[in-house]
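Working notes for the structure below.
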There are 2 protein chains.
Amino acid sequence: MNMKAYRCAVEVTIEVAGGKWKPLIIHYLLSGTKRFGELQRLIGGVTQRSLTLQLRELESHGMVNRVVYAEVPPRVEYSLTELGRTLAPTLVAMREWGENYMARREAEQQ
Amino acid sequence: MNMKAYRCAVEVTIEVAGGKWKPLIIHYLLSGTKRFGELQRLIGGVTQRSLTLQLRELESHGMVNRVVYAEVPPRVEYSLTELGRTLAPTLVAMREWGENYMARREAEQQ
DNA sequence: CTGTATCCTGGGCGATACTG
DNA sequence: CAGTATCGCCCAGGATACAG
């Protein structure tokens, strides 16, 4: 995995922050620390299993901090690391592009 | 597909320009028009089938122009539409982030 | 509430062969 | 050269049940 030769650094970004859920997770964490259930509600349509797996991957890549509070009921808070926060410009660019794209498509349909 | 309600415009960008190959295709097309085989060599590891499918999808979303020259041997050239070119900042941000990420990871390993 | 543990399915994708 | 046409594998991810 580490020895993989990349032709283009874009691939690295895709591996670390790409896929169906990771960009969304990061995007929502950009606005602050979130609990597990909060994230699940915000994202919508993601199963517990998938959200857990994606969060663990983000954690292992140093993108996300996971803090467990020894309480009942349990509380787990996720937040972006400094490294994770460096993705902000990219994610914002993606959101703005998506908004712009939708606007264009709507304008064309008439 | 069109009626799908998005919680966040980031999802739109992922659908139109996300996945394993599309960002790479767009990224390489940013530096100019490319022939099919050229793209395949640049990207590396993508099969004809997958490249074809991804290019068709990009075309259907208005991201890519496909021009067929009636020659023997055949020549097909792909280029970004104006809309496709609007992804440039995002793609560049992704590449730069990937480079930065690799540099950090290397620095940490010592 | 925040997870694991199983089971299962779709479809993304590669491998391969063939064609205009 | 730039594709189609098939086939088949794999595994991401959903559904569900259970646990600390």
Side-chain angles (χ1 to χ4, degrees), chain A residues 1 4-7 10-11 13-26 28-29 32-61 63-79, chain B residues 1 4-8 10-11 14-26 28-29 32-61 64-80:
Chain A
M1 190 64 84
K4 193 156 163 192
Y6 295 102
R7 304 226 171 188
V10 167
E11 298 176 66
T13 308
I14 295 172
E15 268 204 25
V16 174
K20 192 173 178 182
W21 304 116
K22 291 208 199 88
L24 285 171
I25 294 172
I26 297 169
Y28 285 118
L29 288 182
T33 298
K34 298 275 182 299
R35 297 182 59 169
F36 183 88
E38 228 175 328
L39 270 178
Q40 195 178 10
R41 253 177 293 112
L42 283 170
I43 294 174
V46 63
T47 60
Q48 285 185 333
R49 172 194 155 84
S50 295
L51 184 53
T52 301
L53 288 173
Q54 299 304 306
L55 282 168
R56 292 290 185 280
E57 249 177 75
L58 286 170
E59 204 187 344
S60 77
H61 284 122
M63 307 294 295
V64 157
N65 285 134
R66 178 171 180 265
V67 179
V68 183
Y69 294 87
E71 305 175 352
V72 176
R75 180 162 55 109
V76 181
E77 291 190 341
Y78 293 93
S79 58
Chain B
M1 189 65 86
K4 193 157 164 191
Y6 296 102
R7 301 225 173 190
C8 171
V10 166
E11 298 177 65
I14 294 172
E15 267 203 27
V16 174
K20 191 172 178 181
W21 303 117
K22 291 207 198 90
L24 285 171
I25 295 172
I26 297 168
Y28 285 118
L29 287 182
T33 297
K34 298 274 181 300
R35 297 183 59 170
F36 184 88
E38 228 175 329
L39 270 178
Q40 195 177 10
R41 254 178 293 111
L42 283 170
I43 295 175
V46 63
T47 60
Q48 285 186 331
R49 173 194 156 81
S50 294
L51 184 54
T52 301
L53 288 174
Q54 299 304 306
L55 282 168
R56 291 289 185 283
E57 249 178 76
L58 286 170
E59 205 188 343
S60 77
H61 284 122
V64 157
N65 284 134
R66 177 172 181 266
V67 180
V68 182
Y69 293 88
E71 305 174 354
V72 175
R75 180 160 55 108
V76 180
E77 292 190 341
Y78 292 94
S79 59
L80 291 178

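Naming convention: chains lettered A, B, ... in sequence-line order (proteins, then strands); numbering from 1 in each chain. Computed from heavy atoms alone, side chains included, the values below leave out hydrogens, waters and symmetry copies.
- Applying the salt bridge (charged side-chain N to carboxylate O under 4.0 Å, His left out) criterion to B:Lys22, with sequence neighbours excluded, gives B:Glu57.
- In terms of heavy-atom proximity, A:Ser79 sits nearest to A:Thr33 at CB-OG1, 3.5 Å.
- Residues of residues 70-80 of chain B that place a heavy atom closer than 4.0 Å to DNA chain D, in numerical order, are B:Pro73, B:Pro74, B:Val76, B:Tyr78.
- Sorted by first then second residue, the side chain to side chain donor-acceptor pair (under 3.5 Å) pairs that include residues 38-53 of chain A, not counting sequence neighbours, are A:Thr47-A:Ser50.
- For the helix from C:dC1-D:dG20 to C:dG20-D:dC1, the rotation axes defined at the first and last 5 base pairs enclose an angle of 50°, given to the nearest 10°.
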Give me, pair by pair, the N or O atoms of the protein and of nucleotides 12-16 of chain C that are less than 3.5 Å apart, along with how far apart they are.
residue	atom	partner	partner atom	Å
C:dC13	N4	B:Arg49	NH2	3.1
C:dG14	OP2	B:Thr47	OG1	3.4
C:dG14	OP2	B:Ser50	OG	2.5
C:dG14	O6	B:Arg49	NE	3.2

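- Distance check, rounded to the nearest 0.5 Å: CD of A:Gln54 to CD1 of A:Ile43 gives 9.5 Å.
- As a whole-Å value, the separation of A:Gln40 CD from C:dT2 P is 9 Å.
- Heavy-atom contacts of chain B under 4.0 Å fall on DNA chain D between two terminal nucleotides, which in 5' to 3' order are D:dC1 to D:dT6.
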In residues 64-76 of chain A, what donor-acceptor pairs under 3.5 Å come from side-chain atoms, sequence neighbours left out?
residue	atom	partner	partner atom	Å
A:Arg66	NE	A:Tyr78	OH	3.2
A:Tyr69	OH	A:Glu77	OE1	3.3
A:Glu71	OE1	A:Arg75	NE	3.3
A:Glu71	OE2	A:Arg75	NH2	2.8
A:Arg75	NH1	A:Glu77	OE2	3.1

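- Contact of the A:Leu42 side chain with the A:Leu24 side chain is not registered, since no non-hydrogen atoms from C-beta on lie closer than 4.5 Å.
- In terms of heavy-atom proximity, A:Tyr28 sits nearest to B:Cys8 at OH-CB, 3.6 Å.
- Across every non-hydrogen atom of A:Lys20 and A:Pro23, the tightest pair is C-CD, 4.5 Å.
- To the nearest 0.5 Å, atoms CG (A:Leu39) and CD1 (A:Ile25) are separated by 7.0 Å.
- Looking only at side-chain heavy atoms (C-beta outward), A:Leu58 and A:Leu29 stay at 4.5 Å or farther from each other.
- Protein atom CZ of B:Phe36 is 18 Å distant from nucleotide atom P of C:dG20, rounded to whole Å.
- Shown here for A:Val46 and A:Leu51, the closest heavy-atom pair between the two residues is CG2-N, 3.7 Å.
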